[in-house]
Amino acid sequence: MRTLVLLFAFITTLPLFGFEGKMITPVPVLGYEQIPFDSDGRTFEVWYPVAPGTAGVKSTNIWDSFEIANKAKPIHQKGGLKVIVFTHGYGGSPNQLSWLTKRLVYANFMVIAIKHIDYKKDEANLNIWERARDITHMLDLLATQRLGKSANLKEVGIAGYSVGGTTAILLAGGRATELEHITPGPDDVKSTQFDQVKKLEPTMNKKKMAQNWRDKRVKALFVMAPAWGWLFSKRGIRDIQIPTYIVATNADQVLVTKNNAGFFAKYIRHSQYQLIPGQAGHYVFISDIAHKNHNQDLDFLTEDSSTIDRSWIQFQVADQATRFFQAEL
């Protein structure tokens, strides 16, 4: 595990002449398509690069900070567009990571995601393994679609936030085997959000949870504030053999960072660990566009300390994620 001391340090050297950059456009336009997932009417979403000048319309999703061109032709990429799978935080949506979607698509990646079923009959769904199962099925389905012809599905990256980070770790080969007592203690979490776990523990299929959910197409792992570290043993995550980048916050108000992100970073062999200093909290990885649209119901997800610039942090994390996936895929 390699720990990075500074927040982010970038040294970029470009020749004064002869640099061939991308056309600068007035607004970001992403190709977009929804693809059927199952007989229950669920769909998954795909965002992908299109030619500069492609006309788009404003996304109707409150978290998105870009325009979309529905079913537009993807740009041609020799060998296919590299694919990044998103897995979102608990009760959230993939669109809450729109700041990362935009940056990765601009760098010629295809991003795919599905909204996970985190609640069943108004109760929390503790079967995190279902998320991993659904992502594997989503990749299988993409291979059969029109957009699958433009994708390279042999080497896939996965980016996960919070319990999405846990999902990503399962898909990378981590095994959640510490299931005798799944209720977290004060060394694991800070929030009362987990108080219902003890009551709902009988609803977790522990046999399925302990199963190996490794998807061999996943070749690189980028996780933000991963959760549920207490479900894993040291041995259970030492089997992860792919490049892994972990970023977390120093002032996480939901998780004890040391025993979640810090635990994963310590025992995943090929990992880099980035700790954001200062008062950045757990939700700093969620798009702030909803707050800018004055949606007060979402203030608890978008409020930060006055010492924090969420957009700046997200810009740096997105750039780091892009560089990581470009180097490892």
Side-chain angles (χ1 to χ4, degrees), residues 30-48 57 59-64 66 68-72 74 81 83-98 100-102 104-105 109-151 153 156-172 176 200 203-205 207-209 211 213-215 217-218 223-224 227-228 285-287 290 298 301:
L30 280 59
Y32 175 76
E33 188 167 334
Q34 283 189 324
I35 296 175
F37 181 77
D38 59 22
S39 58
D40 293 330
R42 296 176 71 196
T43 61
F44 67 93
E45 298 177 282
V46 186
W47 298 267
Y48 53 90
V57 295
S59 171
T60 58
N61 191 289
I62 62 170
W63 299 104
D64 287 347
F66 46 74
I68 55 173
N70 193 40
K71 296 185 178 180
L81 294 166
V83 175
I84 308 298
V85 176
F86 277 7
T87 170
H88 61 77
Y90 204 92
S93 75
N95 305 79
Q96 291 177 336
L97 299 174
S98 65
L100 184 54
T101 305
K102 181 168 58 177
L104 288 169
V105 170
F109 288 98
M110 178 183 288
V111 173
I112 70 171
I114 188 167
K115 183 171 172 55
H116 298 297
I117 299 176
D118 290 330
Y119 292 91
K120 292 183 178 180
K121 297 180 180 179
D122 295 326
E123 287 192 324
N125 178 20
L126 301 186
N127 289 291
I128 303 168
W129 60 269
E130 292 180 355
R131 288 165 150 252
R133 177 201 61 191
D134 286 353
I135 286 173
T136 289
H137 182 50
M138 178 174 62
L139 286 169
D140 292 340
L141 284 175
L142 179 61
T144 69
Q145 302 296 311
R146 172 187 71 93
L147 286 174
K149 297 177 181 178
S150 300
L153 291 169
V156 172
I158 184 163
Y161 161 61
S162 194
V163 71
T166 319
T167 309
I169 286 166
L170 290 175
L171 287 159
L200 295 173
T203 67
M204 177 186 279
N205 186 328
K207 183 177 179 180
K208 286 284 190 179
M209 192 67 208
Q211 187 174 316
W213 292 100
R214 172 82 171 101
D215 190 313
R217 291 168 291 195
V218 175
V223 294
M224 297 160 280
W228 294 85
F285 300 103
I286 290 179
S287 171
L298 301 170
L301 294 177

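Atom set for the values below is all heavy atoms of this structure, side chains included, hydrogens, waters and symmetry mates excluded. As the structure is a computational prediction, the values presented were derived from the model and not from experiment.
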Problem - Lys/Arg-Asp/Glu bridge criterion (N-O < 4.0 Å) met for R42, D40 - result: no
Problem - Cationic N near anionic O, under 4.0 Å, D118 to R131 - result: yes
Problem - Parallel, tilted or perpendicular, as decided by the 30° and 60° cut-offs, for the rings of W129 and W213 - result: parallel
For a quick test of reading the model, state the closest non-hydrogen atom pair linking [X] to [Y] and the distance between them.
X	Y	result
M204	L126	CE-O, 3.3 Å
N127	N205	OD1-N, 2.7 Å
F44	I114	CB-CB, 3.9 Å
A132	L170	CB-CB, 4.4 Å
P74	R146	CD-NH1, 3.8 Å
H116	H88	N-NE2, 2.9 Å

To the nearest 0.5 Å, what is the distance between [atom1] on [X] and [atom2] on [Y]?
X	Y	atom1	atom2	answer
Y32	T101	OH	OG1	10.5 Å
T203	K121	OG1	NZ	11.5 Å
K208	I128	NZ	CD1	15.5 Å
L81	F109	CG	CZ	10.0 Å
D64	L97	CG	CG	10.5 Å
L147	M110	CG	CE	5.0 Å

Practice task
Examine distances only and state if a side-chain atom of T144 and a backbone atom of L141 form a donor-acceptor pair shorter than 3.5 Å.
Solution key: yes
Problem - Short side-chain to backbone donor-acceptor contact, Y48 and V83, under 3.5 Å - result: no
Is there side-chain contact between [X] and [Y], with heavy atoms separated by less than 4.5 Å?
X	Y	answer
W47	S59	no
F86	L100	yes
K120	E130	yes

Practice task
Evaluate side-chain contact (heavy atoms from CB on, under 4.5 Å) for I135 paired with L171, printing each intermediate quantity in order.
Solution key: CA-CA 9 Å; I135 286 173; L171 287 159; 3.7 Å; yes
